[in-house]
Each structure stands twice: as structure tokens, then as C-alpha cells.
Protein chains: 2
Amino acid sequence: MALFLSTYINKVDRKGRVSVPASFRATLSGEAFQGIVLFRSNNHVCLEGFGQSAMEDLSGRLDHFDLFSAEQDDMATAIFGEAVQLPFDGDGRIILPSALISFSGLEEQAAFVGLGRKFQIWNPEEFESRRDKARQSVQEKGLTLPREKAGGAES
Amino acid sequence: MALFLSTYINKVDRKGRVSVPASFRATLSGEAFQGIVLFRSNNHVCLEGFGQSAMEDLSGRLDHFDLFSAEQDDMATAIFGEAVQLPFDGDGRIILPSALISFSGLEEQAAFVGLGRKFQIWNPEEFESRRDKARQSVQEKGLTLPREKAGGAES
DNA sequence: TGGATATCTATGGAATAACATGGAATTTAA
DNA sequence: TTAAATTCCATGTTATTCCATAGATATCCA
């Protein structure tokens, strides 16, 4: 199981503790670092979550920018400068830093939204409207997935 | 056997359990993950089902988008955020989440409709009218199958 | 061909395990 | 010593596994 799928809503206690959905933990079970990496989304009022190794991929993508370019610098600052590494406790929970809680408008509950290679954490109510917009956008724009590769005889 | 074929009607018990038709399970027997992936159809009041590897195809295609682009985000939210991974129990059953049951109007029974690479799950009665319409449409429009590959991209 | 037997499937219920969650206890740092 | 953070434990709920049965299908042998 290598992908983050589906949406789970878990409770945030007053210490900021929250269980990471078991299936997400299963997705990360092969990782060296047992925990997640979180940072603030640049596009939404939510948090972006990755496994440790996915962060290394991200770093690899950034390398395609000129190392001293303004863009590279901005991206690196926005992503790595903000990122927080949160280990699982013995019961599969993490502790959300209060700065991230307030940024993303979390209160009693947190919605973990699987997006394949990454996931997001939302205030459940705000996520509902976000989800509706996403559905709408996909339909209206007629977004479809590009065909596999180019060379490709598709299966 | 690599395709989902034919239609089977099975019972949904009050826990939401339902047997996946044996022939569908046979189609999936080669998959690493023994189970199915389900999400809501965009076009009908039914559920769309795939094997795990089909989801990985999807994920691979999404990788062609910029990781933080609006399009990638919309599609990932609409597809992966909605998807549910359901493992077979020892007897080849899955448990349908109540949200999907109500979305697709399932009650006592579920119709598993094979559509080749994917399948759908319908309320049997609604499927009948759907099937009638599909037949009618094929007849009226004289729809035919395009040849394999041919320059012609289909929809 | 017919009948009997065995196998596979779907289904229901019950036992078991896993998960999320709250609070307390222990450790670490200031 | 106080505050904060981490670990540990207890609990209710949910999900998963196990077992039993009945019907259907396929197989085998006479």
C-alpha cells in the first residue's frame, strides 16, 4: 500500500494530539523515519503532509531550479523553512504545533485527506466546501488525466 | 481472466457487508493488494470500482502535473480524497462505508456491473433503467467501437 | 445418462483484534 | 522546583476475523 487514500476525521485533544489514520501509517510503514512532515499550504488554509522520503523527492525537484535563483530560494524557504517533522508516539499520534493549528483553522477535529503521494489536513467543515469546489472544477474544466507516457501503447 | 464481465446481484447485510462476485475476485487475483478501490461516480448514482494497480496508474499520471498546481490539487482531491480502499475479508467480502451506501442509493442488494477494466455498483432497480437507456442510446446513435489505437483519440 | 458426491459461493452470526481517545504517570528541560 | 513534553495505560467503539450453514454448481462414477 503506497498511496494515501480517502478521508478520515479524527479528534484533536487540547494538547494538540491527534491520531494519524491507521491506513496512512501503513502507507508510511516502510519509512526510516516513523512520523510525518508537515507544512503550511501555499494555496489553501490547510496543512500539507508527506513522508520523509517524499520530502527527499521534493528536494530533488527543487534541484531542477537554478540553485541560486530567486524561485529556488523562495520555494525552498516556503517549503523546507516551514516544514516540521513530527514523530508518531507509541499509539500512532502526532502533536500538532499550535502555530499550525491556528494557521489551518483546526478546532475539535482534523480531516486527513489522502491525495496519493501526499495528504492534507483540514478543518472538516472547510474541507467540505473545498471538496465541492474540487469536484465542480474537475467537471467544468473537463479535467482528465493525460494518457500514460508518450511512447506508450497504453495497456 | 483479466476483465470484469457480466452483472451479479448480491445482498448487503446490515453491517454493510457484501460479497464481491467470485469472478471479479478472480480478475483481481494477481494484484498485490487483495481488495478493491471504490469511489463515487461523477456521472451516475453509482460507485466505480478498480483494482489497486489501476489506482497506481492514476497516481502516476497525476505525477505529470506540477505537484502544487491547482489542477493537480483539484484532481487529487476529487479522486484520491474520495477513494476508499476495501480489503477482502476471508470470505471475499468487503464492507461498504455508510457514506457510499447512501450516496449510491443501495439498500438490500447491490448490482456489480462488469465494464471491462472497471466495474460499477448499483442499486439493482436503478441499474435496470440505466441499462435500458444505454441500449437505446447505442441503437439510436449507431455507436460502434473505434479500432485499436488508430490515430483517432477517443473522448 | 443419471444419480450421488464433492466443491465452491454467498450469507449470517459470533468471537476476536485493532483503533482512536482520554487521562495519568514519568521523564526532560528550564 | 516548576513547567512542559513525552510515555504509558485503560477504555469504549469500531472493524476484522473466524466459524457454521445452505444453496448452487461442478465432478465423478456407475
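Reminder, nothing fancy here: chain letters follow the sequence lines and each chain counts from 1.
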Task: No-H, no-angle donor-acceptor pair, B:Asp91 side chain to C:dC8 base, under 3.5 Å - done: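 No pair found.
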
Open item on the list: Angle between the end axes of the helix from C:dT1-D:dA30 to C:dA30-D:dT1, five pairs per end, to the nearest 10 degrees?
Closed with: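 Rounded to the nearest 10 degrees, the bend comes out at 50°.
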
TODO: Work out which heavy atom in A:Gly105 is nearest to a heavy atom in A:Asn123; give both atom names and the distance.
DONE: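 So the minimum-distance heavy-atom pair works out to O-ND2, 2.8 Å.
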
- [ ] Could you tell me whether B:Pro87 contacts a base, only the sugar-phosphate backbone, or nothing, with contacts defined as non-hydrogen atoms closer than 4.0 Å?
- [x]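 Here B:Pro87 touches no strand at all.
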
Nearest whole angstrom, please: distance from the [atom2] of [N] to the [atom1] of [X].
| X | N | atom1 | atom2 | value |
| --- | --- | --- | --- | --- |
| A:Gln85 | D:dT6 | CD | P | 13 Å |
| A:Ile94 | C:dT21 | CD1 | C1' | 15 Å |
| A:Arg93 | C:dT21 | CZ | C1' | 6 Å |
| B:Arg25 | C:dT11 | CZ | P | 11 Å |
| B:Ile95 | C:dA10 | CD1 | C1' | 16 Å |
| A:Phe88 | C:dT21 | CZ | P | 15 Å |

- [ ] Check DNA chain D against residues 110-126 of chain A and give the residues with a non-hydrogen atom under 4.0 Å, in numerical order.
- [x]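 DNA chain D contact set from residues 110-126 of chain A: none.
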
- [ ] Please list residues of residues 5-19 of chain A whose heavy atoms come under 4.0 Å from any atom in DNA chain D, ordered by number; otherwise none.
- [x]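 Per residue number, the list reads A:Arg17.
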
Task: Validation row: B:Phe127, B:Thr7 side chains within 4.5 angstrom (heavy atoms) - done: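 A side-chain contact exists here, since the closest heavy-atom pair is under 4.5 Å.
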
Open item on the list: In the structure I gave you, are the side-chain heavy atoms of A:Pro21 and A:Asn10 within less than 4.5 Å of one another anywhere?
Closed with: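 Side chain of A:Pro21 against side chain of A:Asn10, heavy atoms only: contact under 4.5 Å found.
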
Single-linkage hydrophobic cluster [X]~[Y], side-chain heavy atoms < 4.5 angstrom:
| X | Y | answer |
| --- | --- | --- |
| A:Leu47 | A:Ile101 | yes |
| A:Phe24 | A:Val84 | yes |
| B:Val113 | B:Tyr8 | no |

Task: Nucleotide nearest B:Asp89 (side chain, heavy atoms from C-beta), chosen from C:dA20, D:dT17, D:dT6 - done: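 That would be D:dT17.
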
Open item on the list: Testing A:Glu125, A:Glu126, A:Gln120 one by one against A:Trp122 for a side-chain hydrogen bond (donor to acceptor under 3.5 Å, both in side chains), which residue passes?
Closed with: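 Looking at A:Glu125, A:Glu126, A:Gln120, the match for A:Trp122 under the side-chain hydrogen bond (donor to acceptor under 3.5 Å, both in side chains) is A:Gln120.
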
Task: Short N-O contact, A:Arg130 and B:Asp73, less than 4.0 angstrom - done: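 Yes, this pair counts.
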
Task: Residues B:Asp13, B:Lys15: salt bridge by 4.0 Å N-O rule - done: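 Here B:Asp13 does not pair with B:Lys15 in a salt bridge, since their nearest N and O are not under 4.0 Å apart.
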
- [ ] Go through the side-chain N and O atoms of A:Gln85 and A:Gln52 and say whether any donor and acceptor fall under 3.5 Å apart.
- [x]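 Result is yes, a qualifying pair exists.
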
- [ ] Please report the C-alpha distance between A:Phe39 and A:Phe80 in whole Å, then the side-chain angles of each, then the deciding distance to 0.1 Å, and finally whether the ring pair (Phe, Tyr, Trp, His ring centres under 6.0 Å) criterion is met.
- [x] CA-CA 8 Å; A:Phe39 51 86; A:Phe80 293 103; 7.9 Å; no

